[in-house]
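Some notes on the structure that comes next.
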Amino acid sequence: MDIRPIRSDEDLTAALHEVETLWSAEPGTPEADKLEVLTTLIEAYEARHHPIPEADPIGMIRFFMEELGHTQTELAELLGSRSRASEVLNRRRPLTLHQIYRLNREWGIPADALVTPYPVSEIARKRA
């Protein structure tokens with residue numbers, strides 16, 4: 001097995017190409033072992049050099065609205081009122097647990113993405 005550390009994006013590209021060639025390796029074979037080691041190295045390199053930022057709850061709501069074709073009126077129905085939906089989308093009011101539950105249940109937005117802390121206006125912080 002000829003495996004070396006991934007130290008650059010060029011090394012990453014080479015490792016990803018190697019993974020492609022090993023993708024259908026049978027479990028328990030040396031090729032499958034090499035695939036497992038390479039994917040571990042790739043994950044470690046990407047986590048260190050190309051981290052994925054945590055999801056922003058408001059960004060997730062906007063993404064789901066766009067992708068699923070939901071309107072702000074539909075969001076208002078879920079959150080309780082038009083003004084509440086506007087306040088949440090404009091970061092003047094944080095989401096409540098009940099709102100997170102409804103967004104998860106009705107629109108399928110992952111709850112863990114909605115409970116992530118996010119910046120809200122000074123007015124919202126004083127209310128809390």
Side-chain angles (χ1 to χ4, degrees):
M1 202 182 307
D2 182 30
I3 296 179
R4 56 189 183 88
I6 300 174
R7 295 189 176 107
S8 68
D9 284 348
E10 291 79 22
D11 292 343
L12 176 63
T13 300
L16 288 168
H17 178 69
E18 185 68 19
V19 163
E20 283 181 37
T21 65
L22 297 169
W23 197 250
S24 59
E26 292 292 323
T29 64
E31 291 81 12
D33 292 345
K34 185 175 183 179
L35 175 63
E36 185 176 345
V37 172
L38 280 172
T39 55
T40 301
L41 290 172
I42 289 167
E43 287 172 1
Y45 180 84
E46 287 180 338
R48 199 169 35 253
H49 297 283
H50 303 287
I52 297 172
E54 286 200 28
D56 172 69
I58 304 307
M60 288 294 288
I61 291 169
R62 290 184 186 279
F63 173 79
F64 271 77
M65 286 175 71
E66 185 176 316
E67 289 298 307
L68 300 176
H70 291 303
T71 64
Q72 192 164 335
T73 301
E74 291 171 301
L75 179 64
E77 291 171 12
L78 283 177
L79 301 186
S81 70
R82 292 186 76 177
S83 62
R84 186 69 35 92
S86 178
E87 289 173 331
V88 166
L89 288 176
N90 291 307
R91 299 174 188 274
R92 288 192 303 267
R93 179 183 294 272
L95 289 165
T96 66
L97 184 57
H98 180 70
Q99 292 166 341
I100 290 168
Y101 173 76
R102 294 205 61 201
L103 286 164
N104 171 259
R105 187 185 63 195
E106 301 294 326
W107 288 3
I109 301 176
D112 59 337
L114 295 171
V115 297
T116 303
Y118 62 94
V120 292
S121 73
E122 190 63 34
I123 294 167
R125 277 189 237 122
K126 288 180 183 177
R127 278 190 203 144

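The analysis underlying the following values was restricted to heavy atoms, covering all of them including side chains, and did not include hydrogens, waters or symmetry mates. Heads up: numbering here begins at 1 and tracks the sequence. For clarity, every value in this text was computed on a predicted model and none was experimentally measured.
- Around CD of Glu66, the count of heavy atoms belonging to other residues, nucleotides or ligands within 6.0 Å does not exceed 12.
- Hydrophobic clustering keeps Leu79 apart from Leu97 (ILVMFWY residues linked when any side-chain heavy atoms are closer than 4.5 Å, directly or through intermediates).
- Within a 6.0 Å radius of CZ in Arg82, other residues, nucleotides and ligands contribute 12 heavy atoms or fewer.
- Arg84 places none of its side-chain heavy atoms less than 4.5 Å from the side chain of Thr96.
- Using a 4.0 Å cut-off between charged side-chain N and carboxylate O, Glu31 and Lys34 make no salt bridge.
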Check step by step if side chain to side chain contact (heavy atoms under 4.5 Å, CB included) holds for Ile100 and Ile109.
CA-CA 9 Å; Ile100 290 168; Ile109 301 176; over 6 Å; no

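- Here the CG atom belonging to Leu16 is positioned 10.5 Å from the OG1 atom belonging to Thr39, to the nearest 0.5 angstrom.
- Taking all atoms of both residues into account, the shortest heavy-atom contact from Ser121 to Arg92 is OG-CA, 3.5 Å.
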Checking side chain to side chain contact (heavy atoms under 4.5 Å, CB included) for the pair Glu18/Ile3: CA distance, chi angles, key distance, verdict?
CA-CA 10 Å; Glu18 185 68 19; Ile3 296 179; over 6 Å; no

Side-chain donor-acceptor pairs of residues 42-51 under 3.5 Å, sequence neighbours excluded:
| residue | atom | partner | partner atom | Å |
| --- | --- | --- | --- | --- |
| Tyr45 | OH | Asp9 | N | 3.1 |
| Tyr45 | OH | Asp9 | OD1 | 2.9 |
| His50 | NE2 | Asp9 | OD1 | 2.9 |

Assess whether side chain to side chain contact (heavy atoms under 4.5 Å, CB included) is satisfied between Asp56 and Arg91, documenting all intermediate values.
CA-CA 11 Å; Asp56 172 69; Arg91 299 174 188 274; 2.6 Å; yes

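- Considering only heavy atoms from C-beta on, Leu75 stays 4.5 Å or farther from His70 through its side chain.
- With sequence neighbours left out, the ring pair (Phe, Tyr, Trp, His ring centres under 6.0 Å) criterion links His98 to no other residue.
- Considering all non-hydrogen atoms of both residues, Leu22 and Leu35 come closest at O-CD2, 3.6 Å.
- Note: Leu103 CG to Leu95 CG = 6.5 Å, rounded to the nearest 0.5 Å.
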